[in-house]
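Order of appearance sets the numbers: ligands from 1, and atoms from 1 within every ligand.
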Amino acid sequence: MTTKLDALQQWVDEVAALTQPKAVQWCSGSDAEYDQLVEMMLADGTLTKLNDDSYPNCYLHLSDPSDVARVEHLTYVCTSDQEDAGPNNNWMAPDEGHNKVDALFKGAMRGRTMYVIPYCMGPIDSPFSRCGVEITDSAYVVANMKMMTRMGSAALERIEREGSFVKGLHSVGDLDPERRLIMHFPEELSIKSIGSGYGGNALLGKKCHALRIASYQARTEGWLAEHMLIVGVESPAGEVHYIACALPSACGKTNLAMLIPPPSQPGWKIWTLGDDIAWLHLDASGQLRAINPESGYFGVVPGTNAKTNKNAFEMITRDAIYTNVARTEDNEPWWEDKKVGTPAIDWQGRKYDPATGPAAHPNSRFTVAATNNPSYSELAEAAEGVPISAIVFGGRRKELAPLVYESRDWKHGVLVGAGVASETTAANVGEVGVVRRDPMAMKPFCGYNFADYWAHWLSFADRSDKLPKIFHVNWFRQDENGKFLWPGFGENLRVLRWIIDRCEGRVDAVETPIGYLPAAGGIDTNDLDISDAALKALTSIDNTQWKAEMASIGEYIESYGERLPDALREEQQRVARELDKVS
Ligand code: SAT
Ligand code: MN
């Protein structure tokens with residue numbers, strides 16, 4: 001296979017000349033191709049077959065121990081003007097960026113096959129979808145891209161028809177962290193990533209394209225590319241509301257997207273549209289609609305069990321690729337909190353010894369096609385996407401942030417999103433558990449200056465009077481002994497129900513300076529083992545703490561300097577004044 005699109009053929013030839021592979025293989029995306037790649041990876045040790053009786057078609061990949069997470073400190077946005085990348089991104093001038101990374105790509109694929117992967121982010125026939133081509137020397141990447149994107153011949157046809165595509169060049173290089181770089185050139189719609197085989201660094205359709213490059217593109221084209229799950233909540237009466245929710249990496253987006261209603265909530269159903277990324281557009285009537293650009297899940301494994309996420313637990317018993325989990329004697333995958341089995345071999349392929357750390361890496365992952373999910377929504381294929389009733393922001397906060405609150409209006413909602421802070425997780429290389437600002441859960445993923453991004457968000461209020469309401473949630477509040485105050489998981493449906501009731505004007509709320517909080521009895525706690533004190537802590541605010549928080553949000557947004565939109569500054573000042581009024 002080759003292509004009739006000259007620009008694509010020329011780029012592939014140039015890359016081959018630079019990287020010197022022993023062969024070039026155009027990927028069709030067929031099942032036969034996947035099977036053949038798997039056979040090859042089993043033969044060369046890249047994959048191990050797991051127990052075929054209990055885990056049919058499941059494979060384990062153990063990565064280099066230094067290559068287990070995203071590397072924000074090695075991730076760059078290369079715009080001509082540094083200000084366009086903003087203080088939220090590492091920056092390099094485009095020429096310097098190309099020179100640095102091309103030097104690493106020189107001869108990098110010697111002795112390897114170079115795979116050319118045409119892919120489409122979003123339903124293949126959706127006007128909102130965007131295509132790309134990833135060139136990689138990793139068969140593991142090809143296999144993952146097959147599940148995570150619409151990849152192969154149909155995507156190539158669309159690319160040839162449209163004549164444009166995002167160029168993504170990837171090589172695992174020598175996996176030396178000193179020779180690892182994840183570079184974005186938004187003005188050229190291109191990505192160059194070398195030295196890592198890990199998901200977010202290597203599956204270029206995901207964070208690199210669908211968030212960093214797409215957010216940049218979305219700004220010029222009037223839409224939004226967001227780090228959000230999309231979920232449909234169906235009431236016992238059959239009414240479905242769609243919610244888009246932004247949470248930082250490894251804060252439970254996959255679990256929320258596949259939530260299982262607890263027995264106390266009979267008749268409710270959850271439909272999963274996406275678990276990580278949403279592309280949002282206004283339709284002609286001013287309704288915000290969402291598509292999920294991905295077609296699979298790359299989810300955190302540890303903590304998944306029959307109680308926390310039964311759907312996911314079952315979904316990954318077949319046709320899944322596991323990365324960096326442990327194994328039992330029976331060759332079944334094992335991870336912390338799986339609740340069944342015992343680990344024999346750890347994620348580094350060593351005999352398991354509790355003294356040397358967890359059996360599965362805390363950021364170990366599964367890759368699986370979305371259609372494996374029992375709560376998969378057919379509307380994930382709908383070209384026009386689904387109408388969004390509510391946007392929800394959230395973070396992982398031990399204290400301060402209540403279980404849920406609603407912003408007053410869109411402008412206030414943008415401030416709520418801009419002020420999101422969360423404890424860091426194992427999804428990025430670095431310290432875990434440190435609170436940092438993570439606006440709209442996009443800190444690692446916004447491909448341009450956050451100040452311009454907030455202005456873009458604010459501009460939606462001029463274009464529609466039907467925008468969704470904006471909320472903030474925090475499932476992670478703890479008491480003074482470190483115990484979680486809210487049970488989370490399936491019980492989060494109770495909070496989604498409150499959100500929907502607010503959208504429908506069916507439930508009263510208490511107005512506070514930070515927004516509307518649930519009134520007593522507003523959240524259904526029927527059958528829930530929760531103390532009055534815990535519920536009070538979850539549904540009220542500490543004014544003194546919030547004054548300090550609002551001042552810190554003010555300082556944070558001011559650090560964006562001249563580009564900060566006045567409307568956001570004024571909104572922060574308004575909330576700060578409201579907080580001052582209360583003793
Ligand atoms: O970066 S990944 O997409 O691999 C996982 C995450 O951090 O959300
Ligand atoms: Mn994510």
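Of all non-hydrogen atoms in Thr79 and Pro94, the two that sit nearest each other are O-CD, 3.4 Å.
Residue Asp276 approaches the Mn ion (ligand 2) most closely through its N/O/S atom OD1. Nearest to the Mn ion (ligand 2), among the N, O or S atoms that His227 has, is NE2.
Residue Phe298 approaches ligand 1 through these ligand atoms, each under 4.0 Å from one of its heavy atoms: 4 (O). Close approach of ligand 1 to Ala427 (heavy-atom distance below 4.0 Å) involves ligand atoms 7 (O). Annotation for ligand 1: atoms under 4.0 Å from non-hydrogen atoms of Tyr198 are 2 (S), 4 (O), 5 (C). Shown in contact with Ser249 at under 4.0 Å from a heavy atom are these atoms of ligand 1, numbered in order with element: 6 (C), 7 (O), 8 (O). If you number the atoms of ligand 1 from 1 as listed, the ones under 4.0 Å from a heavy atom of Lys206 come out as 3 (O).
Using a cut-off of 2.8 Å, one finds that Gly200 contributes no N/O/S atom close to the Mn ion (ligand 2).
Protein heavy atom closest to atom 4 (O) of ligand 1, with residue, atom name and distance, is Gly200 N, 2.8 Å. Considering only non-hydrogen protein atoms, atom 8 (O) of ligand 1 sits nearest to Lys207 NZ, 2.5 Å.
Put simply, CZ on Phe185 and NE2 on His98 are 4.0 Å apart, with the number rounded to the nearest 0.5 Å.
Residues Lys207 and Glu294 are not paired through a salt bridge, judged by the lack of any N-O separation under 4.0 Å between the basic side chain and the carboxylate. Between Asp438 and Lys443 there is no salt bridge, since none of the side-chain N atoms of the basic residue sits less than 4.0 Å from a carboxylate O of the acidic one.
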Contacts table for residues 393-401: side-chain donor-acceptor under 3.5 angstrom, sequence neighbours left out:
unit_1	atom_1	unit_2	atom_2	d
Arg396	NH2	Ala250	O	2.9
Arg397	NH1	Glu549	OE2	3.3

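Judged purely by atom type and a 3.5 angstrom limit, Ser377 has no side-chain atom pairing as donor or acceptor with the backbone of Leu273.
Using a 4.0 angstrom heavy-atom cutoff, Lys253 does not count as in contact with ligand 1.
Residues Trp335 and Trp347 keep their aromatic ring centres 6.0 Å or farther apart.
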Residues Tyr560, Asn449; criterion side-chain hydrogen bond (donor to acceptor under 3.5 Å, both in side chains); working and verdict:
CA-CA 8 Å; Tyr560 284 81; Asn449 192 320; over 6 Å; no
